[in-house]
Amino acid sequence: MSAEPAPRLLRLIFQARYKPKLCHFALADQAAAEFEPDYADWRRGGGGITMSDYTHRCMMAIHHDSFSYCQDLADMNLADARLQRILQKLPSVLGLRGYTRLGLREFVLVPADMVFESLVAVMTAKLYVDARVLRKALPDRTEDLLYRIDGSEGETRFHVTIAPVKRDEVDPKIMDLANAATVDPSRLHETLKEAQESLPAVGVFFDVDFYRESDTERIGLESASAFTKSARDRIGRMVDEMMGYLLERT
Amino acid sequence: MILAAPTMDRDQTTVYKQQIPAVEGQRWTRLDPRGQVQVESEQDLHRRPETVKWAQTTVSHDETKSGLRVSGSWKGQRAYPIPTGRDIGRYGATPHLEPAAIRVLRATYLEPVVRSLEKMRPHARTPGVAPYARELLDASAAYADRVPDDPLVEVILAFYPALADENHWADWSEDQLRSFQSVLQGLATKPFVSAEMVEKAILKIEEEVGVDTLPFEVDPREII
């Protein structure tokens, strides 16, 4: 039997939110300048500044009430290094006292060794109750599905979306690379082609948003690093366990 | 093939009603018919299949004294919603499934079948077996419906009539149920199940378990 295909990270998004202050507009430029060596391209818009590193397919954005990091490469060392630097520098430059929300979101695609219709049949069987009443009420045949839940574990909350996807659904439906600040606009066509060719024909897509929030800035600045680590561990475990369940993988 | 199985028709319900009076059915199934009846549509009530002897459900004096409100409207009602062949193949079977999908779906749909057989065994040939027999028939119908490409479904469908027809599930002994379960589980663990293996399994159950897989008369003209 062939080895089980490994989950592939399509996109990682980190966002920290805080109480907006007028001074953040002025400080955003100063903060962004600290990162200019890593992010060669930048643009203003939407009340913030967006800095892109097309080489490493990543970007960071600073707004008056949040800062974010987004990466479209499945390189976790890069993500760790860039996030650490952001979390060390930005809060002090922006004069933050705490966060109102910390969130880490991952798009993960796990290749499936079957055609789309079969995967839909399997996921329908695994994720939905096969009740007689439902079978009568719902359409005879399920052609596609989306499994969507919001949940919590202690202070942590989740938005979880799981769905069978075909290669050509990933972009533009999910990734929308044409509008992502991680792609060099001058190389958009080649990047889209490369991204498309690297995807499996069919797979199980996970969109997991792991977050903590508070009305006041009670989430300590120092907790962000531990948060990102626990979020990534938890999302990774969720994907592994769900794939084990969905496709009877051990 | 699924739709062609002759006893898997709504007529099975009619036969069932004739065999078990309402109160007896209640005692066996532990279900109150007043709360569980499933009413057929008006069209179904008036459509009498020619192949079935139709008779009105009889109500004994004891039943009336027991407080059950039984009237002429019982005609055409199910005292017990046992699954019939009409359910199989009715709800969107997937047209093509490859081995990887069949393997996963087999694990999902065979498990309730095996679990029902396990539950039936201690109650074999007693009234207590009825609810689990219903579970078994329901689970078998769901399996056949959802994974029609699985060769194991052929084995299950071969024995569906031997269980469902005229309530033969009530006659199966513990050993017969165990043998049936053992053959199913034996096949399920095989990485590849061929048509020959299916045929052998059916013959094995017929010979060792001693059940008739065609416990009804078939008009050859209907098959051709």
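This structure is a prediction, so every number in the text was calculated from the model and none was measured. Letters go in sequence order (proteins before strands), and every chain restarts at 1.
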Would R135(A) and D145(B) count as a side-chain contact (heavy atoms from CB on, under 4.5 Å) if you check the C-alpha gap in whole Å, the side-chain angles of each, and the deciding distance to 0.1 Å? CA-CA 11 Å; R135(A) 285 203 271 163; D145(B) 232 7; 2.8 Å; yes
What is the minimum heavy-atom distance between L105(B) and V122(A), and which atoms define it? CD2-CA, 3.7 Å
For the student: nearest non-hydrogen atoms of A125(A) and T108(B), plus distance: O-CG2, 4.2 Å
Count the heavy atoms of every other residue, nucleotide or ligand shown that sit under 6.0 Å from CG of D150(A), and state whether that count exceeds 12. yes
Report, as yes or no, whether the 6.0 Å neighbourhood of atom CD on E199(B) holds more than 12 heavy atoms from other residues, nucleotides or ligands. no
Would you give the length of the straight line joining atom CZ of R146(B) to atom OG1 of T142(A), rounded to the nearest 0.5 angstrom? 6.5 Å
Check whether E98(B) reaches the backbone of V115(A) with its side chain - one donor and one acceptor, N or O, closer than 3.5 Å. yes
Would a 4.5 Å heavy-atom cut-off, applied to side chains only, mark K126(A) and V104(B) as touching? yes
Can you say whether L246(A) sits under 4.5 Å from chain B via the side chain, the backbone, both, or neither, judging by heavy atoms? backbone
